[in-house]
Protein chains: 2
Amino acid sequence: MVKPVTVRNLHGQVVHELGRLIVGGEIAPGQNLPREELLAERMNVSRTALREAMKVLSAKGLIESRQKTGTRVRDTVHWNQLDADVLAWRCASMPTEDFVEKLVEMREIIEPAAAAAAARRRSPEQLARVDTAYEAMAAAASLDDWTTADLAFHEAVLHATQNELMISLFSVIETALGTYFVLSARTAGDFKYSLPHHKKVLDAIRRRQPEVARQAMTRMVIDSRSNIRRRGKS
Amino acid sequence: MVKPVTVRNLHGQVVHELGRLIVGGEIAPGQNLPREELLAERMNVSRTALREAMKVLSAKGLIESRQKTGTRVRDTVHWNQLDADVLAWRCASMPTEDFVEKLVEMREIIEPAAAAAAARRRSPEQLARVDTAYEAMAAAASLDDWTTADLAFHEAVLHATQNELMISLFSVIETALGTYFVLSARTAGDFKYSLPHHKKVLDAIRRRQPEVARQAMTRMVIDSRSNIRRRGKS
DNA sequence: CGGCCTTATTTGTAATACATAATTACCTTA
DNA sequence: TAAGGTAATTATGTATTACAAATAAGGCCG
């Protein structure tokens, strides 16, 4: 389930290696990286590959290069915190509870708003997609089927908002959260406990009742917050 | 006010040039770019510079390069929609009303939630910062002073949430919106009309009343939505 | 002492050569 | 003839070298 992110390109490996070091705090903000020539030699890559990697890290706001001065790690306020890689590196290096809280907080902001927007604007096709996902949840025979359908449900709601910014945000947050948790999963015995919540959201979206959808989704995320459990570090 | 984004690096210019073309739709998703050698020659840069630029665009999810196949523009679902550059390119090329609506929608989701979170968690220093910004708004003698203080107020609230993901999201959205609008500005005559709204938010944050802060901020953004006006394309 | 200029150092850009992977076409073989 | 493998082709990937440009630092000169 956890993808190893096997980067095929050499510069991609360098990006991840340096990115992890920086976000992980092993190279602190304000600190300078070694000269390109040295660093390249030390990492056993050409200066070309190293530079391509550094341009990517620059684009993510992690570093800043200037002639003569060298390349230095920028302050965290400049980091692209919403970049998928940056988030992944944080997840890998900062297993503190408060970061998870921040991710959960974002999720709890987005989802009710998305439900409301979906109820306001969904097309018949988008409603059908939510409906299909709901039926799959209702029919799920295993925890695996359930979680797959559950994710599909939330994605369908997001798509129904017709706001790709919201979709993108949710996607990034959800991926990062997935590193830590099995979302909304109780025991295998009653993994369908939240089905009524989902039904209320679905119905509200069908009837185009934004506030009802918002409240239903709010209750769902509040309820699920206490039920998410730490994933084993397998 | 509108920064021309004069990129000093050559590859940075190439990034913006290609990024604009792609996001602007002049090079459609699925379409292949010319071979690196050809494209470099056509843009009057070395293959080295072009490749550094392409790595950045890859990191933003806009393109995908594979050996033999070439480099092709990826589908929009893979774009890093929350990347500052990608947003800027969209703003520059897609002046349709519905995109502005999406930005405003995001803002209206974030701000009330931020106000609530700020009321819950703000430190004395963070409260002081909000307070300072409010006083500056109250004392503003010109529309310019007002808008500066207004932005400082909202930034202070965001910082008080202690959630850098929210801060980053707001920052990106606000920058993009700034391309289009003078936010919350009425006529020069009564530019302080929203001061009472701000006071309610400030007081709620001071008294640690999350729901009050949320509602006050909600009223403020709803009120301001109808008062934002199109900026002249100066 | 202060301002200007030279110099040294680091990143920026270019050009070239070759490696690698993936597609395509051909060629072998049952 | 069709299936399969194999070699040629062609794009990006990587390495190396050389030089340009910017700028911090130190020395020179007024």
Side-chain angles (χ1 to χ4, degrees), chain A residues 4-19 21-22 27-75 78-79 85, chain B residues 4-19 21-22 27-75 78-79 85:
Chain A
V5 192
T6 317
V7 186
R8 45 183 164 284
N9 297 335
L10 185 55
H11 82 265
Q13 294 177 27
V14 177
V15 165
H16 277 78
E17 202 162 333
L18 290 177
L21 286 175
I22 293 172
I27 311 178
Q31 192 174 343
N32 267 270
L33 270 65
R35 315 200 330 259
E36 290 180 349
E37 204 176 351
L38 270 177
L39 190 55
E41 187 185 16
R42 194 182 303 178
M43 301 183 81
N44 285 305
V45 297
S46 69
R47 210 187 133 202
T48 308
L50 174 66
R51 278 181 59 81
E52 289 181 355
M54 302 227 293
K55 293 305 157 239
V56 172
L57 294 174
S58 285
K60 296 181 188 302
L62 297 186
I63 61 177
E64 189 179 31
S65 296
R66 299 179 66 172
Q67 287 178 182
K68 175 69 182 175
T69 310
T71 303
R72 75 173 45 190
V73 177
R74 301 186 72 184
D75 191 82
H78 295 108
W79 295 1
D85 288 327
Chain B
V5 191
T6 317
V7 185
R8 46 183 164 283
N9 296 335
L10 185 55
H11 81 264
Q13 295 176 25
V14 177
V15 165
H16 277 79
E17 202 162 333
L18 290 177
L21 286 176
I22 293 172
I27 311 179
Q31 193 174 341
N32 268 271
L33 270 65
R35 315 202 327 262
E36 290 181 350
E37 204 176 352
L38 272 177
L39 190 54
E41 187 186 18
R42 194 182 302 178
M43 301 183 82
N44 285 305
V45 297
S46 69
R47 211 188 131 201
T48 307
L50 174 65
R51 278 181 57 83
E52 289 183 355
M54 302 227 292
K55 293 303 157 239
V56 172
L57 294 174
S58 285
K60 295 181 188 303
L62 297 186
I63 62 177
E64 189 180 31
S65 296
R66 299 179 65 171
Q67 287 179 183
K68 174 67 181 180
T69 310
T71 304
R72 74 174 47 190
V73 177
R74 300 185 74 183
D75 191 82
H78 294 110
W79 295 2
D85 288 326

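Model, not experiment: these values are computed from the prediction. Every chain is numbered from 1 and lettered A, B, ... according to where its sequence line falls, protein lines coming before strand lines.
Each of N44(A) and T69(B) was assigned the nucleotide of DNA chain D with the nearest heavy atom; the assignment lying further toward the 5' end belongs to T69(B). Mapping G70(B) and E52(A) onto DNA chain D by nearest heavy atom places G70(B) at the nucleotide closer to the 5' end.
The NZ atom of K55(B) sits 14.0 Å away from atom CZ of R51(A), with the distance rounded to the nearest 0.5 Å. Annotation: the span from I27(B) atom CD1 to L62(B) atom CG amounts to 10.5 Å, rounded to 0.5 Å.
K60(B) meets the salt bridge (charged side-chain N to carboxylate O under 4.0 Å, His left out) test with D83(B), D85(B); sequence neighbours excluded. For S58(A), the side-chain hydrogen bond (donor to acceptor under 3.5 Å, both in side chains) test picks out no residue, with sequence neighbours left out.
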Per-pair distances, 0.1 Å, donor-acceptor, side chain in residues 28-35 of chain B, under 3.5 Å, sequence neighbours excluded:
unit_1: Q31(B); atom_1: OE1; unit_2: A28(B); atom_2: N; d: 3.1
unit_1: R35(B); atom_1: NH2; unit_2: E37(B); atom_2: OE1; d: 3.0

Verdict with supporting geometry, L18(B) and M43(B), side-chain contact (heavy atoms from CB on, under 4.5 Å)
CA-CA 10 Å; L18(B) 290 177; M43(B) 301 183 82; 4.2 Å; yes
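Using a 4.0 Å cut-off on heavy atoms, none of the residues of residues 54-61 of chain A approach DNA chain D. DNA chain C is contacted by no residue of residues 27-41 of chain B, taking any non-hydrogen atom closer than 4.0 Å.
Minimum heavy-atom separation, W79(A) to V73(A): CZ2-CG1, 4.4 Å. Contact between L50(A) and A40(A) at its shortest, heavy atoms only, is CD2-N, 3.6 Å. Of all heavy-atom pairs between M54(A) and I63(A), the closest is O-CD1, 3.5 Å.
Rounded to an integer number of Å, the gap from CG of L50(A) to P of dT10(C) is 15 Å. dT10(C) atom P lies 14 Å from atom CZ of R72(A), rounded to whole Å.
Residue pairs meeting the side-chain hydrogen bond (donor to acceptor under 3.5 Å, both in side chains) criterion with at least one partner in residues 38-49 of chain A, sequence neighbours excluded, are E36(A)-R47(A).
When DNA chain D is scanned 5' to 3' for any atom under 4.0 Å from a heavy atom of chain A, the first and last hits are dG13(D) to dA24(D).
Atom CZ of R74(A) has more than 12 neighbouring heavy atoms from other residues, nucleotides or ligands inside a 6.0 Å radius.
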So which protein N/O to nucleotides 15-21 of chain C N/O distances come out below 3.5 Å?
unit_1: dT20(C); atom_1: O2; unit_2: Q67(B); atom_2: NE2; d: 2.8
unit_1: dA21(C); atom_1: O4'; unit_2: Q67(B); atom_2: NE2; d: 2.2

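V15(B) has its side chain within reach of L57(B): a pair of non-hydrogen atoms, C-beta onward, lies under 4.5 Å apart.
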